[in-house]
Q: 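The following block contains the structure, expressed as structure tokens.
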Amino acid sequence: MLIDSYNRVVDYIRISVTERCNFRCQYCMPEKPFSWVPKENLLTFEELFMFIKVTIDEGVKKIRITGGEPLLREDLDVFIKMIYDYAPEIDLAMTTNAYLLKSTAQKLKDAGLKRLNVSIDTLKPDVAQKIAQKDVLANVLEGVEEALAVGLKVKVNMVPMHNMNADEIVDVLEYCKARDMTVRFIEYMENRYASKEISRVPSSELLATLAQHYDFVEEGYDGASPSRYYRMSDGYKFGIIEPYGDDFCKQCNRIRLTAEGQLIPCLYFDEALSIGKAIKEGNIAGAAEVLREVVKNKPEKNRWGGEDGEVSSRAFYETGG
Ligand code: SAM
Ligand code: SF4
């Protein structure tokens, strides 16, 4: 079992399989990065799987595949099947922008994927075009319908922004509610890669808007999730993620792996160690050692904004959000 220095059990790993993306979301990757990680530095699926087996053997029970856009990576279903065949009981999930989901949902489900988080920031084609800098909405919504049709459980992430999509909070909630999908509103997290004009909608404002339309009560965190949940009078639940807080740190159970093998103990913490060399040399014991070291180094609380107010130098498309 992986236990950190603050007695938290680490049993969840988020794996970014690529930093590349087919969207250019204003809050994440508004411009194509100056350079991508060279292909030879990326871990192959076989290498990633070698490390995943180590984490499962050490007690990991939940794996989320993310990116960049994970569906850009070829044969993702084969990779998912490798994990499923090794440990079918693992809670195996993926976060995606859903652009390529229509043609892949069935294969992913058959391979053993259980759950999806899909990013839907708007239901208006022109706003989607403005946020992602591409005409994406039709594909995204068709992808979601297909995922539901093949029986995948779907949650939705929305990042509300003033002068962009803040006026659609209720519409997106209603769209999700009608399909029995939980929606989670994520407060925009400042980062040095995002467009400068973005204006965060704070949770207080979100709640005030929602309170004009619904009755709801706060239910608190659901297990180790960073999302605070609210239950409406008809039973529907929505969540709000307030990354600038640190209430959720005391129950944090997760670490992150980048596509080139950087193992990160916390999203808002610059220190990371690489498992790349050990895994590429087939040194399983070495990779397990790095894993235990990273868990040991997991900070008590996120260092959001850093001690000197600096934001993390890592992009969300590298860490997988
Ligand atoms: N490409 C996939 C997607 O968009 O769902 C997976 C990767 S993306 C980095 C994962 C999540 O991070 C998405 O839900 C996205 O909305 C969120 N995200 C990215 N940048 C963010 C930011 N600056 N603030 C808040 N959430 C952000
Ligand atoms: Fe791509 Fe997801 Fe980042 Fe948007 S949020 S640019 S879809 S990685």
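Counting starts at 1 for both ligands and their atoms, following the listed order. Nothing here was measured: the structure is a model prediction, and the numbers come from that model. Counting from 1, the numbers follow the sequence of the chain as shown.
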Q: For ligand 1, is any non-hydrogen atom under 4.0 Å from E187's backbone (N, CA, C, O), its side chain (CB onward), both, or neither?
A: backbone
Q: Quick one: which ligand 1 atoms are inside 4.0 Å of a heavy atom on N157?
A: 14 (O)
Q: Report, in ascending order of atom number, the atoms of ligand 1 lying under 4.0 Å from any heavy atom of T66.
A: 6 (C), 7 (C)
Q: If you have a sec, work out which protein heavy atom is nearest atom 12 (O) of ligand 1 and how many Å separate them, to one decimal?
A: G321 CA, 3.9 Å
Q: Ion pair present between R292 and E58, side-chain N to carboxylate O less than 4.0 angstrom?
A: yes
Q: Need the ligand 1 atom indices (1-based, order shown) with element for anything under 4.0 Å from a heavy-atom of N191.
A: 23 (N)
Q: Is there side-chain contact between I275 and L43, with at least one heavy-atom pair below 4.5 Å?
A: yes
Q: Does the pair E47/K280 count as a salt bridge with the N-to-O cut at 4.0 Å?
A: yes
Q: Strictly below 4.0 Å, N to O, side chains only: are R228 and E219 in salt-bridge contact?
A: no
Q: What atoms in ligand 1 come closer than 4.0 Å to a heavy atom of N97?
A: 2 (C), 3 (C), 5 (O)
Q: Closer than 2.8 Å to atom 1 (Fe) of ligand 2: does that hold for any N, O or S atom in C21?
A: yes
Q: Run through R184, K155, K237, E242 and flag the one making a side-chain contact (heavy atoms from CB on, under 4.5 Å) with S227.
A: R184
Q: Please name the pair of heavy atoms, one in N283 and one in G286, separated by the smallest distance, quoted to 0.1 Å.
A: OD1-N, 2.7 Å
Q: Heavy-atom contact under 4.0 Å between A194 and ligand 1?
A: no
Q: Return yes when M158 approaches ligand 1 closer than 4.0 angstrom through a heavy atom, no otherwise.
A: no
Q: Can you list the ligand 2 atoms lying under 4.0 Å from a non-hydrogen atom of F23?
A: 6 (S), 7 (S)
Q: Hey, what's the ring geometry for F23 with Y99, parallel, tilted or perpendicular (30° and 60° as the breaks)?
A: perpendicular
Q: Counting heavy atoms only, name the option from C28, G68, A132 that's nearest to atom 6 (C) of ligand 1.
A: G68
Q: Does an N or O from F316, backbone or side chain, lie closer than 3.5 Å to an N or O of ligand 1?
A: no
Q: Under the 6.0 Å and 45° cation-pi test, does K177 pair with F238?
A: no
Q: Where on T95 is there a heavy atom closer than 4.0 Å to ligand 1, on the side chain, on the backbone, on both, or on neither?
A: both
Q: Report the nearest protein non-hydrogen atom to atom 10 (C) of ligand 1: residue, atom name, distance rounded to 0.1 Å.
A: G320 O, 3.6 Å
Q: Who's the nearest protein heavy-atom neighbour of atom 20 (N) of ligand 1, and how far?
A: Y27 CD1, 3.4 Å
Q: Could you list the atoms of ligand 1 found under 4.0 angstrom from a heavy atom of V159?
A: 16 (O), 25 (C), 26 (N)
Q: Can you figure out which of E69, Q26, M189, M29 has its heavy atom closest to atom 22 (C) of ligand 1?
A: M189
Q: Return the CD to CG distance between E289 and L273, rounded to the nearest 0.5 Å.
A: 10.5 Å
Q: Taking both backbone and side chain into account, is any N, O or S atom of C28 nearer than 2.8 Å to atom 3 (Fe) of ligand 2?
A: yes
Q: Out of D167, D171, D135, which residue meets the salt bridge (Lys or Arg N to Asp or Glu O under 4.0 Å) rule with K124?
A: D167
Q: What I'd like to find out is whether the side chain of E146 reaches to under 4.5 Å of the side chain of L101, using heavy atoms alone.
A: no
Q: May I ask you to check whether D121 and Y27 show a side-chain donor-acceptor distance below 3.5 Å?
A: yes
Q: Please list, in number order, the atoms of ligand 2 under 4.0 Å from a heavy atom of N97.
A: 7 (S)
Q: Shortest non-hydrogen contact from Y12 to R64?
A: OH-NE, 3.1 Å
Q: Tell me, which protein residue and heavy-atom name are nearest atom 14 (O) of ligand 1, and how many Å apart are they?
A: S119 OG, 2.9 Å
Q: Please work out, at 4.0 Å between heavy atoms, whether the side chain, the backbone, both, or neither of D121 comes within that distance of ligand 1.
A: neither
Q: With a 4.0 Å cut-off on heavy atoms, is G67 in contact with ligand 2?
A: no
Q: Quick test: of every protein heavy atom, which one is nearest to atom 4 (Fe) of ligand 2, and how far off is it to 0.1 Å?
A: C25 SG, 2.3 Å
Q: Mark up the atoms of ligand 1 that fall under 4.0 Å of a heavy atom belonging to T96, in ascending order.
A: 2 (C), 3 (C), 5 (O)
Q: Could you tell me the separation between the CD atom of E19 and the OH atom of Y317, rounded to the nearest 0.5 Å?
A: 6.5 Å
